[in-house]
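Quick notes on the structure that follows.
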Amino acid sequence: MVTLFYFTKGMTMTKAYAYYRTSSDDGPDKAGIPGQQCDTEAFAEKADFQIVQTFIDDGISGKKFHMHQRPAGRQLIAALLADGVKVVL
């Protein structure tokens with residue numbers, strides 16, 4: 001299933017979670033959490049998303065650990081199942 005979002009300024013903001021992850025495997029060229037946050041917040045503002053909670057897994061390998069095995073990933077899944085927020089940026 002594909003969900004399309006149509007962005008119209010001035011409409012009610014859609015609540016969203018933000019999830020950031022870097023891997024220890026990325027080396028010195030990784031974008032880093034601050035860069036991801038900056039880009040995500042800029043997108044959220046343009047697209048009328050309200051980031052209501054942030055989840056960060058810094059230094060956690062995506063190859064070695066599935067989402068439910070990462071500390072913040074596990075918290076994100078629980079939050080998605082617990083309330084009405086269904087968007088993750």
Side chain to side chain donor-acceptor pair (under 3.5 Å) contacts touching residues 65-76 (sequence neighbours left out) = Y19-R70

Sequence neighbours excluded - side chain to side chain donor-acceptor pair (under 3.5 Å) pairs with any residue from residues 35-44 = none

Closest contact, heavy atoms only, L89 versus A44 | CD1-CB, 3.9 Å

Write down the atom of A72, the atom of F55, and the distance for their closest heavy-atom approach.
-> O-CD2, 3.7 Å

Rounded at 0.5 Å granularity, tell me how far [atom1] in [X] sits from [atom2] in [Y].
X: T14; Y: D48; atom1: OG1; atom2: CG; result: 7.5 Å
X: R21; Y: L76; atom1: CZ; atom2: CG; result: 13.0 Å
X: T12; Y: Q50; atom1: OG1; atom2: CD; result: 10.5 Å
X: I56; Y: Y20; atom1: CD1; atom2: OH; result: 7.5 Å

Applying the 4.5 Å side-chain criterion to the ILVMFWY set and letting contacts propagate, would [X] and [Y] be lumped into a single cluster?
X: F49; Y: V85; value: no
X: V52; Y: I77; value: yes
X: V88; Y: L81; value: yes

Counterpart residues, side chain to side chain donor-acceptor pair (under 3.5 Å), relative to D83 (two or more places apart) | Y17

Could I get the full list of side chain to side chain contact (heavy atoms under 4.5 Å, CB included) partners for K86, not counting sequence neighbours?
-> none

